[in-house]
Structure formats: C-alpha cells, structure tokens
Novice: 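So that we are looking at the same thing, I have put the structure below in structure tokens.
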Protein chains: 2
Amino acid sequence: MPEQPPYLRIADELRRRISEHEWVPGDRLPSRAQIGQEYGVGDNVVRRAQELLISQGVLEGRAGSGTYVAEPRQRVRVVRSSAREQPSGSPFRADMKAVGRQGDWESRTEAKVPAPAEIAARLGIAEGELCVRTAYEFLADGRPVQLSTSWEPYDLTAGTLVVLPEGGPHAGAGVVNRMAEIGITVSHAVEQPEPRQATAEEASLLGIQKGALVTHIRRTYYTDQGRPVETADIVVPAALCEIVYEIPISR
Amino acid sequence: MPEQPPYLRIADELRRRISEHEWVPGDRLPSRAQIGQEYGVGDNVVRRAQELLISQGVLEGRAGSGTYVAEPRQRVRVVRSSAREQPSGSPFRADMKAVGRQGDWESRTEAKVPAPAEIAARLGIAEGELCVRTAYEFLADGRPVQLSTSWEPYDLTAGTLVVLPEGGPHAGAGVVNRMAEIGITVSHAVEQPEPRQATAEEASLLGIQKGALVTHIRRTYYTDQGRPVETADIVVPAALCEIVYEIPISR
DNA sequence: TCGAATTTGTGCGTATGTATC
DNA sequence: GGATACATACGCACAAATTCG
C-alpha cells in the first residue's frame, strides 16, 4: 500500500487551508514549529511541504520574516510576432499598455566591448571584435519584469547617429527602426527560447524566488542578405510574464 | 571569508576530472562511498555534488546501477515559423531530416472526448462539448523526443474524411492541410511557451531525468475569422530539442 | 542604536526504500 | 535472492535575515 509521505500530507493540508481562505494572499503562515506541533510532525517536514508549495508559486518564503501566501500577480503578456515591430514607438510599451500597465525601462550602454565567443558566433564576427553592449531592465509600473542584454557590432554603426541604442535622436525606437535610419533593412528575427532556472542575480533583480523558472531567449536580427546585425539575451520570468508567439500561416 | 562548502568543492573536482577526460561520456563513476572516502567527506556530500551536476546535464544517475557521465546528445532543432507549414509532407519529418535523423511518430486518437475546462476555453466551446483527442509521441531515430496532445472540436470534422487526424487519406498531413480539405482556411497559429519541470510520466516517456526542464507550448490554430480549430499541448524537453522561432519583419 | 529572539535557508548525517546486476 | 548503488524522507545544527523591544 503506497502510503502518502508525511510532507505531502502537510502540503495538501496547507493547500486546502489556503483554498478555503483561512489564509489569504499576503498573509503570513504560522511558524514551522507551530504548524509541525499542530500536526504532530517535525518542523522539517513542514519545511519540505512549504518548499514544494513555494516551487509551485503558492507560497513565498522571506528569510527571517516568515512564509507568506503568494499574491496572485497578473502576468504581463509579451507578444512576439512580425506585427510587433511598429514603424514608431516601442513594442514593450505597447505590450504593457495592453494590460493596463505603464511600460518603462532603464538601460546602460557600453561601447567598444570585445565580443565573447558565443556572441561573436551569433553575430558572425571574430571573437574579441568590438561591440556595443546594452543592458536593459524592463519595468511594469516601476517594477522590473524582464531583463535583456543586447550586442551590436561596433563597426556597423560607428560614426552614425544610431551608435548608441538608447542615445541620440532615435533612442528607444528599436533595432529595426534604428538600422533603417542608416540604410540597413532588417528582414527577420530568429528567437531561440530555452527554459532554465533564474540565477541568484537575476532573481534579486526581478524580485522573484531564487530557483524560479525563466525563459532565456536568444534573439538575433538579420538583414535580407542574412547578415546578423544584433543579438540579445532576454530573460523572461515565468512568474511575471507570459510569452505569446503569433505565427501567420502562408499557403 | 566566504569558504566554499564541501559539496561545491567536490562538484568542481568531478567537473575537472571529466573535463580532463579521466572519465568520458558513458563511463560509470566510482560509487559515492568510494569518492567520499577519497576526498574525506561523507557520501551524502558526494550526492549533493552529483545532484548539482545531474541538474546541469553533466552527469546522469541510474537507480541501482550507478552515476554516469552524460552522453552529449545532439539536440533536434525544432523550427516553428510560417514557412513550417508545407502544402504537403510533415513539418516534423523535415525538422528531423535537417539534422540527419529519421523522423517518425506514434499516435493514439480518441473521438468524442468531453472537453475539460481549459481546453474548452482555448477552443471557444462549452466545457464538456465533444472533441477528438490525439496523443502523439514524436520519435527521432526511434527514440521519443517530443510529446503532444491535440484537441479538435468534434462538430468541426464530424462526417468528413478528416475526422481522424491520423486516419483516412490525409493521415499525417497536418492540421492546416486537413482543414483545407473541408474548406476551412487556417490563417494563423498562436503559441505560448511556458518553462516547467517534466512530470514523472513525461520523464519516463522521453527518457530524461525526473525534474528535467521542458518547454510546454500551448498552440492554437485559428481561421481567418478568428475561430479556433485545433489546440495542442506540446512538451519539448530542453535536453533533447532546441526550439527556433523565425519571425519575418514586415515594414 | 543595538542586541536578542524569531524565522527562514543551507549543509550534512542517517535510515529506509527501490532499482539493477 | 543477495549485494550494491542510487533515491527519498527525515532530523539536527548552524548561518543569515528580519523583527522588535
């Protein structure tokens, strides 16, 4: 007879008490020792149960403070499609507006950064060749919901008005529009989404739990001649954003 | 002074000995007790170290047998774009051929299955309305690399030659082609990729480690009038497949 | 302001289960 | 069926973070 292990029984109990609104989102649960005593198990069994529910996004642990019922945050819908690239304005702001949130971002650009091996391969340039690197932090209502690091070959834009992605007259217009300004036509993007767990740094930047799941998207923009003009590493936390690809069917 | 915990030191040691080809892919490592004795730590410290490397795909644990150096399997490149839908032939077979592997699949169709709530919402029908459900298992060189469960409203195809996705004259032609046969034009697909961990069942079906990361894609096909005609849950294990979205840029 | 108490988080050990050979 | 090795569950000790008097 496969008897249910104690920690799963406690997890079910906690889940039940939450679903019955004994504790509502934002509430702090009793301490582990207290819960353990109540059910006649060790506090470590309670810990396992809570870890399970934390990994499922039901609970939220705060060191030194307590274990809380997670707030059901509305996720941001991030649309990724050809229609996303508008002649003007930012796709991110549009995404945010669609869910009634204010879209904003902070960026930090560094020019003449030597390309590491992986980036060089993606951009079709030699390792160590100079690039313009920009780190983004996308905010919804002031809270970070998405991270991105963008790389462009320095040669491509050197001496033009669009060298700096977030400076000059075309700041924030997006890669496609900026490249169009200097006569480069971006014809398609390739995105490679990969599931992984958030690093400690990403978790603290995004305000999510430590091992939380994210989608790491490697995106590269190409000209119609197949030349890469920009590549980016985008980190999308599952707890905060939902990703939507719209694919037209051509026949 | 941030002293490195024992289990991380062991992990580094193991990683080093693998990178120095002391053990090559497929080799079995010495038992945990043996490694522990060698470094003067408990076998449970070795276990933590091995768990870390297993989660990173470096090692592979086989219950009752031992811990092995993981074979660096070539991942299947799964392209998802508008160009994917061909007038004839299967997109999956094309993906497989591109990496020199034989593409194949097994399916199990059940007609007149009442739609659960989530599926009904995605198909825009009432909960409990009848559907045709087909479970797929996609194989590369005979080994499963991808799972999928597809749902179509029964009303849509009832009485036609294309009721069964994998039966009749249009078996395996894909949703778009089959719908075209009965005069329904599929104009676009929406895909929603979500990172999560494999369930025990999925892991055993796909031959991957238990908590391994997968991308769960919710895909829905729509007609040009915006009516959903098919929705599917696709499970793509990160260890076996890489997902590529190609996005045309329209200006 | 500071320090002690509380609470979560981490590391590690032991006992038991279970798969493989 | 027995021996071996990995997998799981649980307990204890300590560190880190927070809270509060």
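First the proteins, then the strands, lettered A, B, ... as listed; each starts at 1. Model, not experiment: these values are computed from the prediction.
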Novice: Has B:T67 got a side-chain N or O lying under 4.0 Å from the OP1 or OP2 atom of D:dC6?
Specialist: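 Yes, within the criterion.
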Novice: From OH of A:Y7 over to P of C:dT16, roughly how many Å is that when rounded to an integer?
Specialist: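 To the nearest whole Å, that distance equals 19 Å.
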Novice: Using every non-hydrogen atom in the two residues, find where B:A203 and B:Q209 come nearest and quote the distance to one decimal.
Specialist: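 Nearest heavy atoms, B:A203 then B:Q209: CB-O, 3.7 Å.
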Novice: Roughly how many Å is it from CZ in B:R62 to C1' in D:dA5, rounded to a whole number?
Specialist: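 Distance, rounded to whole Å: 13 Å.
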Novice: Check this for me: A:R108, atom CZ, are more than 12 non-hydrogen atoms of other residues, nucleotides or ligands nearer than 6.0 Å?
Specialist: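 Incorrect, the count does not exceed 12.
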Novice: Quick one: does any side-chain atom of A:R28 pair with a main-chain N or O of A:S65 as donor and acceptor, under 3.5 Å?
Specialist: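 Between the backbone of A:S65 and the side chain of A:R28 there is a qualifying donor-acceptor contact (under 3.5 Å).
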Novice: Given atom CD1 of A:I35 and atom P of C:dT7, what is their separation to the nearest angstrom?
Specialist: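 After rounding, the gap between these two atoms is 11 Å.
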Novice: If each of A:P6 and A:Y68 is mapped to the nucleotide of DNA chain D with the nearest heavy atom, which maps nearer the 5' terminus, i.e. the 5' end?
Specialist: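 Of the two residues, A:P6 wins.
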Novice: Starting at CD of A:E51 and ending at P of C:dG9, how long is that distance when rounded to a whole Å?
Specialist: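 It is 8 Å, rounded to the nearest whole Å.
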Novice: Which heavy atom of A:A70 sits nearest a heavy atom of A:G57, and at what distance?
Specialist: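 That closest heavy-atom pairing would be CB-O, 3.4 Å.
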Novice: Which residues within residues 38-50 of chain A lie with some heavy atom under 4.0 Å of an atom in DNA chain D?
Specialist: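 Going residue by residue through residues 38-50 of chain A, the ones with a heavy atom under 4.0 Å of DNA chain D turn out to be A:G42, A:N44, A:V45, A:R48.
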Novice: Ignoring hydrogens and angles, does a donor from either the side chain of A:R32 or the base of C:dG9 sit under 3.5 Å from an acceptor on the other?
Specialist: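 Under the 3.5 Å cut-off, the side chain and the base do form a donor-acceptor pair.
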Novice: Nearest of D:dT8, C:dA19, C:dT8 to any side-chain atom of A:S31?
Specialist: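 Nearest to the side-chain atoms of A:S31, counting from C-beta on, is C:dT8.
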Novice: Rounded to whole Å, please give me the gap between CG in A:L8 and P in D:dA9.
Specialist: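 In whole Å, D:dA9 P lies 7 Å from A:L8 CG.
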Novice: B:P237 and side chain to side chain contact (heavy atoms under 4.5 Å, CB included): which partner among B:V76, B:V145, B:V214?
Specialist: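 One option only clears the test, and that one is B:V214.
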Novice: Round to the nearest Å and state the distance from B:I10 atom CD1 to C:dG13 atom P.
Specialist: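 To the nearest whole Å, that distance equals 11 Å.
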Novice: Rounded to the nearest Å, what distance is computed from the CD atom of residue A:Q209 to the P atom of nucleotide C:dT10?
Specialist: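 Atom-to-atom, A:Q209 to C:dT10, this comes out as 10 Å.
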Novice: Compute whether any side-chain donor of one residue and acceptor of the other, for B:Y136 and B:E166, lie under 3.5 angstrom apart.
Specialist: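 Checked: B:Y136/B:E166 side chains pair up, N/O donor to acceptor below 3.5 Å.
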Novice: In terms of ring plane angle, is the pair B:W105 and B:F138 parallel, tilted or perpendicular, where the classes change at 30° and 60°?
Specialist: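 Tilted, since the angle between the ring planes falls between 30° and 60°.
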Novice: Please give, in whole Å, the distance from D:dA5 C1' to B:L59 CG?
Specialist: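 For the pair B:L59 CG and D:dA5 C1', the rounded distance is 15 Å.
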